[in-house]
Amino acid sequence: MHNFLADLRAPHILNGLAGTRFRNVEVHVSIESTQAMLVTQGGRDGRLVVADHQTAGRGRAGRAWLDVPGRMLLFSALLREIPSERVPLVSLAAGLAVARALGPDARLKWPNDVQIEGRKVCGILGELAPSGEYVVVGIGVNVAHEPGELPDELEATSVRIASGTTPRRDDLCISILKELDAVLASRDWLPEYRSLSATLGARVRVDLSGQTIEGEATEIRDDGALIVEGNVIVAGDVIHVR
């Protein structure tokens, strides 16, 4: 195994996730997309695919996702038995799990980002399989980037930049997935999500197809929808207006 994968050990991740649903772990040096692999192939509940590098990673709305080998934690997890009314909440649940794992400085930008000091440290992509039988959640965390390595226009940061320390990626993966397992088993985590939200109370602009809504984000409903000036937003790009 390459030295740069010394902190992405499948047996270590598997051992760390004992007692959770995540009992099927594979780690790849390079793969097109952990997300596409799971959406296409399926598998048992809790199947986990981790990659050091993705050649065709993607973010929300089909955007390309750029990564630097050795710098990011990239993984997708397959979740079965998610009630249909809870499917829209999976991305929010994953965000909360990441925020818990990263510590008290992490904040949540609805619906798919985790931020530290207003800069993106993690992106999340939740997808329902075409069959409707399972959900795949993809998580990408900026872990080991040094100052100057992330383009300014991304308004991004990394765990290393924000905290001065660089966790092992497999340890961080374990922490996030243990939290996700706990959040998914709970029914009352939305108040905690709201308390960590950087979006609630902020002035935002939401770009929808053919329409732009701007105003204060006043509520995150129990179904995960965002309320902006009385408008119900179930999906869309949310920009915090400074």
Side-chain angles (χ1 to χ4, degrees), residues 7-8 13 16-17 20-22 25 34-35 38 46 48-52 54 57-60 65-67 71-79 82 86-127 135-145 150 154-163 165-186 188-200 220 224 226 238 240:
D7 69 337
L8 276 181
I13 294 171
L17 292 172
T20 72
R21 70 170 77 204
F22 303 106
V25 178
T34 61
Q35 191 78 0
L38 283 187
L48 175 66
V49 177
V50 186
D52 180 63
Q54 295 184 130
R58 54 202 168 93
R60 286 194 63 249
W65 177 275
L66 304 175
D67 70 77
R71 292 290 197 252
M72 296 189 70
L73 170 62
L74 303 162
F75 66 88
S76 295
L78 190 150
L79 307 170
I82 303 292
R86 307 286 289 178
V87 167
L89 293 169
V90 168
S91 290
L92 304 190
L96 177 57
V98 172
R100 285 180 177 179
L102 291 181
D105 293 333
R107 294 293 179 267
L108 298 162
K109 177 176 178 282
W110 188 95
N112 296 87
D113 292 349
V114 183
Q115 299 180 331
I116 297 177
E117 295 180 346
R119 300 179 80 84
K120 180 174 177 175
V121 71
C122 171
I124 294 162
L125 178 63
E127 257 182 296
V135 179
V136 177
V137 60
I139 296 177
V141 186
N142 297 333
V143 177
H145 302 78
L150 291 161
L154 293 181
E155 295 189 354
T157 188
S158 71
V159 177
R160 180 175 184 167
I161 293 168
S163 70
T165 60
T166 306
R168 291 182 57 94
R169 288 180 294 168
D170 44 19
D171 284 342
L172 182 58
C173 183
I174 291 164
S175 297
I176 291 170
L177 287 170
K178 286 173 78 169
E179 294 291 0
L180 181 59
D181 202 53
V183 172
L184 291 173
S186 165
D188 59 355
W189 53 268
L190 269 169
E192 182 184 358
Y193 180 97
R194 295 181 182 112
S195 75
L196 294 174
S197 174
T199 303
L200 280 179
I220 295 171
L226 181 71
V238 173
H240 289 191

Quick one: closest heavy-atom pair of Ala198 and Gln115, and the distance? CB-OE1, 4.0 Å
Contacts of Arg194 that satisfy side chain to side chain donor-acceptor pair (under 3.5 Å) - sequence neighbours left out: Asp222
Do side-chain atoms of Ser163 reach the backbone of Val159 as a donor and acceptor pair under 3.5 angstrom? yes
Are the side chains of Leu92 and Pro111 in touch, meaning some heavy atoms are under 4.5 Å apart? yes
Between Gln54 and Leu74 (side chain of the first, backbone of the second, donor and acceptor by atom type, cut-off under 3.5 Å), is there such a pair? no
Please check: side-chain N/O of Asn112 versus main-chain N/O of Ile124, any donor-acceptor pairing under 3.5 Å? yes
Show the nearest heavy-atom pair for residues Thr157 and Ala162, with the distance to one decimal. OG1-N, 4.0 Å
Within a strict 4.5 Å, meaning less than it, do heavy atoms of the Leu150 and Ile161 side chains meet? yes
Once rounded to the nearest 0.5 Å, what's the spacing between atom CG of Leu38 and atom CG of Leu48? 8.0 Å
For a 4.5 angstrom cut-off between non-hydrogen side-chain atoms, does Leu73 reach Leu8? yes
Which heavy atom of Ala106 sits nearest a heavy atom of Ile116, and at what distance? CA-CG1, 4.2 Å
So, do Ile176 and Phe75 sit near enough that their side-chain heavy atoms are less than 4.5 Å apart? yes
How far does NE2 of His145 sit from CZ of Arg160, to the nearest 0.5 angstrom? 11.0 Å
May I have the step-by-step check of side-chain contact (heavy atoms from CB on, under 4.5 Å) for Val143 and Met72, ending in yes or no? CA-CA 5 Å; Val143 177; Met72 296 189 70; 5.7 Å; no
Run the numbers on Leu184 and Arg21 for side-chain contact (heavy atoms from CB on, under 4.5 Å), then give the verdict. CA-CA 10 Å; Leu184 291 173; Arg21 70 170 77 204; 4.0 Å; yes
Do Asp52 and Arg169 make a side-chain contact, defined as non-hydrogen atoms from C-beta onward lying under 4.5 Å apart? yes
Can you check whether Asp7 reaches Thr166 side chain to side chain, under 4.5 Å on heavy atoms? no
Checking Arg168 now: which residues fulfil side chain to side chain donor-acceptor pair (under 3.5 Å) with it, not counting sequence neighbours? Asp170
With a 3.5 Å cut-off and sequence neighbours excluded, list the donor-acceptor pairs that the side chains of residues 93-103 form with protein atoms.
from, atom 1, to, atom 2, distance (Å)
Arg100, NE, Glu192, OE1, 3.3
Arg100, NE, Glu192, OE2, 3.1
Arg100, NH1, Glu179, OE1, 3.1
Arg100, NH2, Glu192, OE1, 2.6

If you apply the rule side-chain contact (heavy atoms from CB on, under 4.5 Å), what do you find for Leu108 with Thr199, and how did you get there? CA-CA 7 Å; Leu108 298 162; Thr199 303; over 6 Å; no
Which atom names give the shortest non-hydrogen contact between Ala77 and Phe22, and what distance separates them? CB-CE2, 3.7 Å
If I compare all heavy atoms of Asp113 with all of Gly123, which pair ends up nearest, and what's the gap? OD1-CA, 4.0 Å
Side-chain (Trp110) to main-chain (Gly224) donor-acceptor, under 3.5 angstrom: yes
Heavy-atom donor-acceptor pair, Arg107 side chain to Glu117 backbone, under 3.5 Å: no
Does the side chain of Leu180 come within less than 4.5 Å of Val137's, by heavy atoms? yes
Give the C-alpha distance, both sets of side-chain angles, the deciding distance and a yes or no for side-chain contact (heavy atoms from CB on, under 4.5 Å) between Leu172 and Val141. CA-CA 9 Å; Leu172 182 58; Val141 186; 4.1 Å; yes
Between Ser76 (side chain only) and Gln35 (backbone N and O only), is there a donor and an acceptor less than 3.5 Å apart? yes
NZ (Lys109) with more than 12 external heavy atoms under 6.0 Å: yes
